[in-house]
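Taking it in order: structure first as structure tokens, then the write-up.
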Amino acid sequence: MKNKLSLKIGLLFFVFILIIESILFIFLYFNLVNDRVDELLDGILIRGDNHRDVLEQSFTEETVHHVAVMETNAPNTVAITDEHNRVIESSEPVTSEMASLMAHTDTGPHEGRILSDDWRNDPYVVSESPIVINDEIEGYVYMLSDAGNIRTIINQLTNQFILAGILTLALTAGTIFLLTRFITAPIVRMREATERMSKGELDITLGYVRNDELGELEFSIRKLAQDLEKVKQERNDFLASIAHELRTPLTYLKGYADMAGREATKEKDRAEYLVILKEEAEQLNKLVNNLFELAKLDQNTFSIEKQRLPIRQPIDAVAKMMEPLLKEKGITLNIRCPEDLYADIDPERFQQVILNLVDNAVKYSHPSSAIQIIVAEGENEITINVSDQGEGIAKHHLPYLFDRLYRVDKSRSREFGGSGIGLAIVKKIIEAHGGSIEAKSVVGKGTEMIISLKKTCGDMSINE
Ligand SMILES: Nc1ncnc2c1ncn2[C@@H]1O[C@H](COP(=O)(O)OP(=O)(O)OP(=O)(O)O)[C@@H](O)[C@H]1O
Ligand SMILES: [Mg+2]
């Protein structure tokens with residue numbers, strides 16, 4: 001059974017509706033039957049009472065005959081008796097069956113009564129209206145109606161009900177079939193789509209999407225498939241890049257190791273090759289460490305341990321660390337940062353961010369140029385601007401700068417030992433702080449990295 005869900009929902013609906021419909025049908029049927037029978041019984045009683053009223057006015061042979069004649073061609077039979085229930089006159093001959101139904105031991109009320117109403121089993125239903133003159137019972141008017149007629153009417157009603165019931169059942173089943181199809185069709189489509197997704201087919205289309213919760217779910221599944229496709233593509237690209245990154249230094253390592261190992265190699269050259277081997281190995285080590293760091297940042301378990309501290313602290317620490325390198329390249333580092341500006345940051349991680357940015361600024365700047373770090377406090381955020389007067393970055397590279405392993409000029413970056421991971425790490429850390437980073441650059445003039453951090457805990461400026 002392919003569509004189990006629609007069968008289950010359909011059956012459930014059907015059983016519930018069947019129970020409700022049956023209860024309503026039974027209720028309606030018995031009410032109608034009772035009403036119909038009551039109407040008939042009331043009919044003969046009223047007619048009997050009318051005859052009785054006439055006879056009470058004039059209880060003579062002529063009137064009695066007249067009443068009997070009135071009912072001769074009518075569907076009912078009238079029988080008029082004396083006070084001892086002996087038939088004086090009747091519209092039809094009174095049979096023994098009729099007589100037994102007319103028999104009674106007690107005296108009924110003056111307004112008359114139904115003497116026999118068992119229309120299912122008896123041949124007649126009978127009403128009785130006593131004729132009372134001067135407070136004495138002088139006789140009775142009996143109206144007898146053929147119970148067969150009632151049975152026929154009720155049978156017709158029953159047949160109509162059975163027909164209506166069958167029609168209702170068919171309509172209910174049809175409606176439920178269409179409704180469950182309508183409800184379960186998108187669910188079945190989604191199940192098939194997710195099955196295809198699990199087999200690796202990510203380019204899925206779900207056809208017409210409805211404007212309700214199921215439609216939203218379908219939309220989410222499509223988006224999930226697209227995201228998965230993107231992640232798959234990114235992973236493939238990343239693996240290809242890593243393989244490429246590792247291959248280059250490994251080729252160097254192998255080449256220099258081969259040359260150093262040759263007997264013919266002079267001792268002086270061998271020493272030089274060993275130095276290169278060591279440098280290449282260090283670079284490889286750095287690349288692997290950075291990749292490892294990035295992998296850690298990629299995990300959802302990665303958390304930032306924020307502390308409220310002067311934002312100057314990590315910046316000064318980096319400046320101190322970089323001092324020898326800056327001196328060596330003749331680059332000046334200017335820091336402009338309010339002493340009393342506090343921020344909620346993870347000091348170690350934040351230092352890593354500044355270090356990466358200053359390291360880039362130094363690496364990609366000309367000797368004797370200047371680097372500036374300017375920290376400013378806005379209404380809702382703190383901005384940290386790291387700018388240099390270096391070679392700059394062409395506009396079309398800017399959108400990819402923070403992608404892992406992306407470098408503007410591969411050979412030049414390699415020269416400086418760059419692997420293109422620094423800015424990817426920076427972005428991850430800043431985003432984990434709830435902030436953002438963007439790059440602005442003019443080729444030949446310099447580059448500007450702008451970090452923006454939200455002032456999460458109200459006023460961050462606290463005077464010490
Ligand atoms: N201040 C800058 N001036 C010019 N180019 C820059 C600057 N900062 C980054 N870039 C360019 O962006 C690329 C990516 O920078 P990123 O810091 O991610 O990698 P890297 O410096 O090459 O290597 P890593 O930081 O991993 O050692 C660099 O290779 C470089 O081409
Ligand atoms: Mg870098």
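Numbering of ligands and ligand atoms starts at 1, following listing order.
Contact check for T158 versus V33: no side-chain heavy atoms found under the 4.5 Å cut-off. Inter-residue side-chain proximity for I311 and C337 is flagged as met; some heavy-atom pair is nearer than 4.5 Å. The shortest distance between side-chain heavy atoms of P123 and L101 falls below 4.5 Å.
Inclusion of V408 in the set of residues having an N or O under 3.5 Å from an N or O of ligand 1 is warranted. No N or O atom of R407 sits closer than 3.5 Å to an N or O atom of ligand 1. Checked against a 3.5 angstrom limit, the closest N/O atoms of I421 and ligand 1 fall inside it. Backbone and side-chain nitrogen or oxygen atoms of S419 are examined, and one is located within less than 3.5 angstrom of a nitrogen or oxygen of ligand 1. Ligand 1 has no N or O atom lying under 3.5 Å from any N or O atom of L401, backbone or side chain. The shortest N or O to N or O distance between K363 and ligand 1 is below 3.5 Å.
Counting heavy atoms under 4.0 Å from ligand 1, residue T447 touches it through the side chain alone. When non-hydrogen atoms are compared, ligand 1 lies under 4.0 Å from the backbone of L423 as well as from its side chain.
Enclosure of atom NZ in K329 by more than 12 non-hydrogen atoms of other residues, nucleotides or ligands within 6.0 angstrom is indicated.
One finds a salt bridge joining D227 and K223 here, because a Lys/Arg side-chain nitrogen approaches an Asp/Glu carboxylate oxygen to under 4.0 Å. Under the 4.0 Å criterion applied to side-chain N and carboxylate O atoms, E282 and K278 are assigned as salt-bridge partners.
Ring geometry, H397 versus Y406: the interplanar angle falls from 30° to 60°, so the pair is classed tilted.
Within the set N356, L355, D388, V386, the minimum heavy-atom distance to atom 2 (C) of ligand 1 is found for D388. Across Y364, Y406, F402, heavy-atom proximity to atom 22 (O) of ligand 1 is greatest for Y364.
Within the listing of ligand 1, atoms 27 (O) sit less than 4.0 angstrom from a heavy atom of K286.
Residue contact annotation: H397 has no non-hydrogen atom under 4.0 Å from ligand 1. Ligand 1 lies less than 4.0 angstrom from a heavy atom belonging to G420. The closest approach between any non-hydrogen atom of R404 and ligand 1 is not below 4.0 Å.
The residue from R404, K428, R349 that alone fulfils the salt bridge (charged side-chain N to carboxylate O under 4.0 Å, His left out) condition with E293 is R349. Among K455, K454, R308, the single residue meeting the salt bridge (charged side-chain N to carboxylate O under 4.0 Å, His left out) criterion with D344 is R308.
At least one N, O or S atom of N360 sits under 2.8 Å from the Mg ion (ligand 2).
Of the N and O atoms on the side chains of S441 and T447, at least one donor lies less than 3.5 Å from an acceptor on the other residue.
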